[in-house]
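Every heavy atom of this structure was used, including side-chain atoms; hydrogens, water molecules and symmetry mates were not.
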Amino acid sequence: MTKIFGDFIDELLESKEYLEIVFSPASVPLKQRWRTNGLSADFMADYFAVFFTKSDTEAEIKSAVSFIANELLENAMKFKDETSDYFISVSLKLYEDRLVFLTINSVNPQAVGKFQTFIQELVTCDPGELYIRQLEKNAEDETHTASGLGFLTMINDYLTKIGWKFETVQKEPEVIIVSTMVQLII
């Protein structure tokens, strides 16, 4: 099974400048690993900031990269398939007109349907209206853990394009990976 949603580019052009960080989810408990998400996101932001010479552009890019990378890493860690030892990766590629983030992680096969339903809503609804609805939903249910506010903030505040690709990479036991792509226009 391979399904693509949103603005996912399956065949990305080569990038001369990129950074990739790979995590082994089984090596350290999630609670300990959680603290490294922000460090990894900030590292990526600092690394790519040197390619932008205007101080205001550098600060904007740095802030955007840190936020987006952190959100993507948190989602990958939080929603990974606990029964799978499949790696988690985040990469960032620099192109002339955009930065492209890509996270890859396993996802629980029973959670795929609900996630794809949310994605379908995200790519077909007005993101501003959906953001307000999600805020209201979260206010009503404090235990709600999958709000989608990170994706909505990326779209509304940073004007990103987001896409997903779901692939079954193993049949028994079933392992499904999700690749999340975020394009930040620069």
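- Atoms OG and CG, from Ser24 and Asp85 in turn, are 7.0 Å apart once rounded to the nearest 0.5 Å.
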Practice prompt. Could you check Asn108 against Phe115 for side-chain contact (heavy atoms from CB on, under 4.5 Å), going step by step and ending with a plain yes or no?
Written response: CA-CA 10 Å; Asn108 187 309; Phe115 187 25; over 6 Å; no
Worksheet item: Met181 and Asp7: side-chain contact (heavy atoms from CB on, under 4.5 Å), yes or no, with the steps?
Response: CA-CA 8 Å; Met181 178 180 286; Asp7 292 301; over 6 Å; no
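- Considering every non-hydrogen atom in both Ser63 and Tyr158, the closest pair reads OG-OH, 4.0 Å.
- Using a 4.5 Å heavy-atom threshold, the side chains of Ser91 and Tyr18 count as separate.
- Atom CD in Glu167 sits 4.5 Å away from atom OG1 in Thr2 (nearest 0.5 Å).
- Minimum heavy-atom separation, Gly150 to Phe67: O-CE2, 4.1 Å.
- In this structure, Ile9 CD1 and Lys161 NZ are separated by 7.5 Å, a value rounded to the nearest 0.5 Å.
- Under the 4.5 Å side-chain heavy-atom criterion for ILVMFWY residues, a single connected hydrophobic cluster contains both Phe48 and Leu184.
- One hydrophobic cluster, built from ILVMFWY side chains closer than 4.5 Å, holds both Val50 and Val65.
- Contact of the Lys93 side chain with the Leu13 side chain is not registered, since no non-hydrogen atoms from C-beta on lie closer than 4.5 Å.
- In this structure, Leu102 and Leu12 have side chains that are not in contact, with every pair of non-hydrogen atoms separated by 4.5 Å or more.
- Side chains of Thr160 and Phe151 form no contact here, defined as non-hydrogen atoms less than 4.5 Å apart.
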Discussion item. Ile104 vs Tyr86, test: side-chain contact (heavy atoms from CB on, under 4.5 Å). Steps then yes/no.
Written reply: CA-CA 9 Å; Ile104 300 172; Tyr86 200 85; 4.1 Å; yes
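- Considering only heavy atoms from C-beta on, Ile21 comes within 4.5 Å of Phe43 through its side chain.
- No side-chain heavy atom of Val178 sits less than 4.5 Å from a side-chain heavy atom of Phe79.
- Residues satisfying the side-chain hydrogen bond (donor to acceptor under 3.5 Å, both in side chains) criterion with Thr83, sequence neighbours excluded, are Asp81.
- Under the salt bridge (Lys or Arg N to Asp or Glu O under 4.0 Å) criterion, the residue pairs touching residues 58-75 are Asp46-Lys62, with sequence neighbours excluded.
- Put simply, the side chain of Tyr47 does not reach to within 4.5 Å of the side chain of Leu92, judged on heavy atoms.
- Contact between Ser15 and Glu17 at its shortest, heavy atoms only, is OG-O, 2.7 Å.
- The aromatic rings of Phe5 and Phe166 lie perpendicular to each other, with more than 60° between the two planes, well past the 30° mark.
- The SG atom of Cys125 sits 9.5 Å away from atom CD of Gln134, with the distance rounded to the nearest 0.5 Å.
- One distance of note links CG of Leu73 with CD1 of Ile68; it measures 12.0 Å at 0.5 Å rounding.
- A continuous path of hydrophobic side-chain contacts links Trp164 to Leu149 [ILVMFWY only; heavy atoms under 4.5 Å].
- By the rule that hydrophobic residues join a cluster once side-chain heavy atoms approach within less than 4.5 Å of another member, Phe118 and Met154 end up as members of one cluster.
- The heavy-atom pair separating Ser66 from Asp42 by the smallest distance is OG-OD1, 2.6 Å.
- Heavy-atom minimum distance, Val22 versus Ser89: CG2-CB, 3.9 Å.
- Under the 4.5 Å side-chain criterion, counting only non-hydrogen atoms from C-beta, Met44 is not in contact with Phe101.
- Heavy-atom neighbours of Phe52 CZ from other residues, nucleotides or ligands within 6.0 Å: above the threshold of 12.
- Hydrophobic clustering of Ile, Leu, Val, Met, Phe, Trp and Tyr side chains at less than 4.5 Å, counting indirect connections, keeps Val100 apart from Val90.
- To the nearest 0.5 Å, the span separating CD1 on Ile88 from CD1 on Ile177 amounts to 12.0 Å.
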Practice prompt. Verify side-chain contact (heavy atoms from CB on, under 4.5 Å) between Phe51 and Ile186, making sure each step is shown before the conclusion.
Written response: CA-CA 11 Å; Phe51 297 101; Ile186 50 176; over 6 Å; no
